[in-house]
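Every value quoted in this text rests on a predicted model; they were computed, and no experiment measured them.
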Amino acid sequence: MYNIVLTIHLLIILALCAVVLVQRSEGGGLGIGGGGGNPLGGRAKANPLTTVTWVLAAAFIATSITLTILSGQIARSNGVLGDIGGDQAPAGDPSVPQVILPSDLTGDAILPPAPNDGPVAPPPVE
């Protein structure tokens with residue numbers, strides 16, 4: 001279901017880009033300067049490309065919300081937190097790194113030397 005909606009979403013994006021690029025410029029960026037066709041400054045009647053743009057924009061928003069809902073359901077069903085307390089690897093499983101605590105060490109273990117209190121002087125140069 002998610003892949004189908006995602007494919008439709010991508011097709012809507014491509015169609016929306018194509019329709020916006022095909023439209024005739026009304027002049028003046030950000031609405032500055034008006035259309036020039038109407039002396040009172042009102043908007044002209046929408047042409048079919050404008051209507052198609054609005055329909056594609058509404059479809060884009062609808063598929064975006066649908067994808068958000070679907071991805072939330074997918075994350076909830078098999079998310080990271082969904083497996084807490086579930087299948088845990090057995091103690092002898094080599095794929096899981098084992099943590100060795102200091103209390104687990106025996107006398108045979110080689111421990112790193114303890115740090116001394118003073119600074120370490122470099123060896124004399126001969």
Side-chain angles (χ1 to χ4, degrees):
M1 179 70 177
Y2 182 82
N3 290 335
I4 294 170
V5 176
L6 183 61
T7 304
I8 293 170
H9 186 70
L10 293 174
L11 292 174
I12 290 171
I13 291 170
L14 292 174
L16 188 59
C17 290
V19 169
V20 167
L21 289 174
V22 169
Q23 287 183 10
R24 183 181 61 88
S25 174
E26 293 182 4
L30 300 175
I32 301 172
N38 190 348
L40 299 177
R43 292 190 54 94
K45 184 179 177 189
N47 62 10
L49 280 178
T50 305
T51 306
V52 170
T53 303
W54 280 104
V55 169
L56 287 173
F60 173 79
I61 292 171
T63 55
S64 296
I65 292 171
T66 304
L67 286 171
T68 302
I69 292 169
L70 289 175
S71 67
Q73 290 174 351
I74 291 171
R76 194 175 319 120
S77 67
N78 60 358
V80 175
L81 298 178
D83 293 337
I84 291 180
D87 300 338
Q88 293 185 356
D93 190 359
S95 65
V96 178
Q98 300 295 321
V99 177
I100 300 174
L101 300 174
S103 60
D104 296 336
L105 296 175
T106 62
D108 298 337
I110 300 174
L111 296 176
N116 57 5
D117 295 332
V120 177
V125 179
E126 293 181 23

Give every donor-acceptor pair under 3.5 Å between a side-chain atom in residues 59-67 and any protein atom, sequence neighbours left out.
{"unit_1": "Thr63", "atom_1": "OG1", "unit_2": "His9", "atom_2": "ND1", "d": "2.6"}
{"unit_1": "Thr63", "atom_1": "OG1", "unit_2": "Ala59", "atom_2": "O", "d": "3.0"}
{"unit_1": "Thr63", "atom_1": "OG1", "unit_2": "Phe60", "atom_2": "O", "d": "3.0"}
{"unit_1": "Ser64", "atom_1": "OG", "unit_2": "Phe60", "atom_2": "O", "d": "2.8"}
{"unit_1": "Thr66", "atom_1": "OG1", "unit_2": "Ala62", "atom_2": "O", "d": "2.8"}

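- Connection of Trp54 to Val52 is not established within any shared hydrophobic cluster, with ILVMFWY side chains joined at heavy-atom distances below 4.5 Å, either directly or through further cluster members.
- Put simply, the residue from Val5, Asn3, Ile4 that forms a side-chain contact (heavy atoms from CB on, under 4.5 Å) with Leu70 is Val5.
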Contacts under 3.5 angstrom, residues 12-23 side chains, donor-acceptor by atom type, not counting sequence neighbours:
{"unit_1": "Gln23", "atom_1": "NE2", "unit_2": "Leu49", "atom_2": "O", "d": "3.2"}
{"unit_1": "Gln23", "atom_1": "NE2", "unit_2": "Thr53", "atom_2": "OG1", "d": "2.4"}

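- Ile8 is not connected to Val55 by any chain of hydrophobic side-chain contacts under 4.5 Å among Ile, Leu, Val, Met, Phe, Trp and Tyr, and they are in different clusters.
- Residues Leu6 and Met1 share a hydrophobic cluster, clusters being chains of Ile/Leu/Val/Met/Phe/Trp/Tyr side chains in contact below 4.5 Å.
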